[in-house]
Amino acid sequence: MAVKLGILGLGTVGTGTVQLLQDNVGRHPLLQDIEIYRVGVRSLTKPRSVELSSEVITTDLEAIVNDPAVDIVVELMGGLEPARTLMLTAIKNGKHVITANKAVISRFGGEIFTAANQAGVYVLLEAAVGGGIPVIQPLKQSLSVNRISAIMGIVNGTTNYILTKMQTEGSEFDDVLADAQRLGYAEADPTADVDGLDAGDKIAILASLGFDGRINRDDVYCEGIRQVTKTDIAYAAKLGFVIKLLGIAQHLDEDNSQLSVRVHPTLVPHSHPLASINGVYNAILIEGEPIGQVMLFGPGAGAGATASAVSSDILNLVATLKTNTTKPNSLLACRHQHYSQITPITELITRFYARFLSKDQAGVIGRLGTCFGNYGVSLESVVQTGFQGELAEIVVVTHNVREGDFRQALTEIQAMESIDSIPSVLRVL
Ligand code: NAP
């Protein structure tokens with residue numbers, strides 16, 4: 001008997017998924033065993049680019065998740081509600097759930113996986129991070145015997161497109177954002193992307209898988225790219241770096257007791273594997289023992305790419321259901337129950353790039369050095385770069401320092417008579 005899907009949402013990803021499932025010849029043979037049984041939408045009059053009979057398409061999404069005939073609910077509607085409640089209802093009714101919804105999983109994953117474990121069903125989410133890039137199942141399966149020490153990535157295509165354009169064209173953020181919105185690469189309300197919130201959802205999900213503990217989304221430090229200027233991109237390039245918005249989850253110490261999970265624009269050395277990921281592409285670098293480094297690269301969004309990820313979850317579930325075993329497949333399930341403790345950003349040990357505008361030049365660099373020294377900040381490089389009108393511009397890159405100490409030094413420097421302003425402070429990988 002065919003496995004019956006109830007799909008919630010027929011937008012970009014829903015349409016791509018239905019197209020892929022309908023065009024199944026020459027793909028995996030298990031696709032023949034799938035029936036698109038119901039598809040839930042908001043509007044029945046909207047033109048659709050896939051053919052579905054009027055019995056399949058409905059606006060009653062509750063009926064789909066409560067229909068005993070539905071085996072798998074595929075949630076592709078987005079947003080927090082009603083998506084969260086519909087998923088929980090489907091789980092309570094014993095249905096497996098597939099979702100592309102990073103916002104719901106990063107915030108309510110604890111509730112959803114607890115419910116799924118109790119009901120004995122699977123919740124799969126390959127499309128929630130990295131669009132078409134297989135990264136969730138690799139973390140759960142192929143890499144699962146490794147001790148993961150770091151996961152870092154470019155997980156938001158919009159911001160990578162903006163930063164790439166700023167770098168190649170020497171343009172300012174606002175101009176590139178306006179262009180990206182015209183071209184459809186950025187939303188009319190770009191907040192979730194440019195303020196790092198979308199990347200925060202994704203790194204929270206990756207961290208929970210790689211470091212075997214649930215992550216409280218509110219503990220993930222998120223800083224976006226609005227304050228990145230073409231001036232900093234140019235200085236970074238001169239110093240051998242490119243600026244990327246990175247989601248980073250890593251152990252900060254040898255005994256793995258401190259876990260940092262954060263999103264911020266970062267100066268990445270030109271030689272680093274993530275430095276060459278440009279445009280709307282995504283890449284995720286995973287470091288583990290014994291494997292070393294693995295980088296997964298590909299399209300982070302788009303109908304076809306995301307449909308590929310959703311369909312891989314569908315096939316995984318169909319194959320599992322067809323094997324007729326009563327024991328759950330522990331490589332598909334989410335097994336951890338406890339929450340990981342996240343180290344506050346003030347405890348992060350990292351290098352910094354900072355740009356200062358000073359009123360007079362005589363002795364300023366010396367005073368900066370003394371103040372930094374008082375807080376244990378040592379400088380890797382100091383460059384007096386030029387002038388902005390009457391003001392002299394000084395750029396420093398520090399050695400590794402505790403973020404809290406660095407910030408205290410900055411507060412003191414900001415109060416110095418000779419310092420006009422500190423236009424930018426960025427972390428360095
Ligand atoms: P979308 O184009 O806005 O489509 C949303 C679909 O859900 C539409 O068909 C809409 O119905 C339906 N819908 C939304 N709210 C509904 C409600 N309250 N009741 C009934 N139907 C409702 O969204 P999308 O871009 O496909 O994204 C879907 C999910 O995939 C999101 O969680 C997103 O984060 C994730 N995702 C997207 C991409 C991507 O490239 N777009 C990549 C990775 C992950 P109507 O068609 O009638 O309006």
Side-chain angles (χ1 to χ4, degrees), residues 6-20 36 38-50 52 54 56-65 73-87 89-90 97-109 112 123-136 153-161 180 183-193 197-202 204-206 217 247 279-282 284 298-314:
I7 301 178
L8 312 180
L10 190 59
T12 305
V13 182
T15 302
T17 303
V18 168
Q19 270 167 346
L20 202 154
I36 300 172
R38 290 282 181 274
V39 177
V41 294
R42 210 168 359 212
S43 155
L44 287 179
T45 52
K46 211 178 196 178
R48 306 284 171 186
S49 53
V50 284
L52 292 166
S54 57
V56 170
I57 194 158
T58 173
T59 55
D60 191 350
L61 278 64
E62 288 223 11
I64 298 178
V65 295
V73 165
V74 186
E75 186 278 308
L76 305 174
M77 58 196 294
L80 294 180
E81 288 292 356
R84 166 184 157 271
T85 304
L86 289 166
M87 282 193 251
T89 308
V97 169
I98 291 167
T99 179
N101 197 326
K102 58 237 154 202
V104 165
I105 292 296
S106 65
R107 284 167 188 77
F108 301 107
I112 287 172
V123 175
L124 302 187
L125 50 129
E126 188 57 72
V129 182
I133 306 172
V135 62
I136 303 290
I154 294 167
V155 287
N156 181 274
T158 304
T159 45
N160 203 43
Y161 173 84
L183 293 166
Y185 291 138
E187 307 267 344
D189 175 4
T191 311
D193 292 321
L197 309 177
D198 172 81
D201 291 348
K202 292 166 175 169
I205 293 172
L206 295 179
R217 175 65 182 81
V280 293
Y281 280 96
N282 283 197
I284 297 123
T306 313
S308 159
V310 172
S311 305
S312 77
D313 279 346
I314 296 174

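Whatever order the structure lists ligands and atoms in, that order sets their numbers, starting from 1. Bear in mind the structure is a predicted one, so any value in this text is a computation, not a measurement.
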Can you sort out which atoms of ligand 1 are near A127, meaning under 4.0 Å from one of its heavy atoms?
43 (C), 44 (C)
Pairwise distance CG(L61) to CE(M77) - rounded to 0.5 angstrom
5.0 Å
Minimum heavy-atom separation for A204 and R217, please, with both atom names.
CB-CD, 4.2 Å
Looking only at protein heavy atoms, identify the closest one to atom 2 (O) of ligand 1 and say how far it is in Å.
T12 N, 3.0 Å
Check the surroundings of atom CD in E187: do more than 12 heavy atoms from other residues, nucleotides or ligands lie under 6.0 Å from it?
no
Select one of side chain, backbone, both or neither to describe which atoms of E81 lie under 4.0 Å from any atom of ligand 1, heavy atoms only.
neither
Between T99 and ligand 1, find which residue part has any heavy-atom pair under 4.0 Å and reply side chain, backbone, both or neither.
neither
Geometry only, no angles: is L10 polar-contacting ligand 1 at N/O separations under 3.5 Å?
yes
Examine ligand 1 and decide if any of its atoms is less than 4.0 Å from a heavy atom belonging to E75.
no
Could you identify the single nearest non-hydrogen protein atom to atom 48 (O) of ligand 1 and state the distance to 0.1 Å?
K46 NZ, 2.7 Å
Should the heavy atoms of other residues, nucleotides or ligands under 6.0 Å from OH of Y281 be counted, would the total exceed 12?
no
All heavy atoms of A128 vs all of I205, minimum pair found to be CB-CD1, 4.4 Å
Measure the distance from atom 5 (C) of ligand 1 to every protein heavy atom, then report the residue, atom name and distance (to 0.1 Å) of the closest one.
M77 O, 3.6 Å
Do T17 and S311 have side chains that approach each other closer than 4.5 Å (heavy atoms only, starting at C-beta)?
yes
When rounded to the nearest 0.5 angstrom, what distance separates CG in L8 from CG in L76?
7.5 Å
Tell me the protein heavy atom at minimum distance from atom 12 (C) of ligand 1, and give that distance in Å.
G9 CA, 3.8 Å
Under 4.0 Å from any heavy atom of S43, which atoms of ligand 1 are there?
47 (O)
Please identify which atoms of ligand 1 are closer than 4.0 Å to at least one heavy atom of A301.
40 (O)
Here the gap from I133 atom CD1 to S308 atom OG, rounded to the nearest 0.5 Å, amounts to 11.0 Å
Nearest protein heavy atom to atom 40 (O) of ligand 1, by residue and atom, and its distance?
G302 N, 2.8 Å
Identify, for atom 37 (C) of ligand 1, the protein heavy atom at the shortest distance, and state residue, atom and that distance.
V13 CG2, 3.4 Å
Could you list which atoms of ligand 1 come closer than 4.0 Å to a heavy atom of P82?
18 (N)
Show, in sequence, the C-alpha distance, side-chain angles and deciding distance for R107 and D201, and conclude whether the side chain to side chain contact (heavy atoms under 4.5 Å, CB included) test is met.
CA-CA 8 Å; R107 284 167 188 77; D201 291 348; 3.0 Å; yes
Per side chain to side chain contact (heavy atoms under 4.5 Å, CB included), M87 is matched among I98, V97, V73 by V97
Donor-acceptor side-chain pairing of D189 and T191 below 3.5 angstrom
yes
Which residue and heavy atom of the protein sit nearest atom 32 (O) of ligand 1, plus the separation
G78 CA, 3.2 Å
So is there a nitrogen or oxygen of G11 less than 3.5 Å from a nitrogen or oxygen in ligand 1?
yes
Looking only at distance, does G300 have an N or O less than 3.5 Å from an N or O of ligand 1?
no
Tell me, which protein residue and heavy-atom name are nearest atom 33 (C) of ligand 1, and how many Å apart are they?
K102 NZ, 4.0 Å
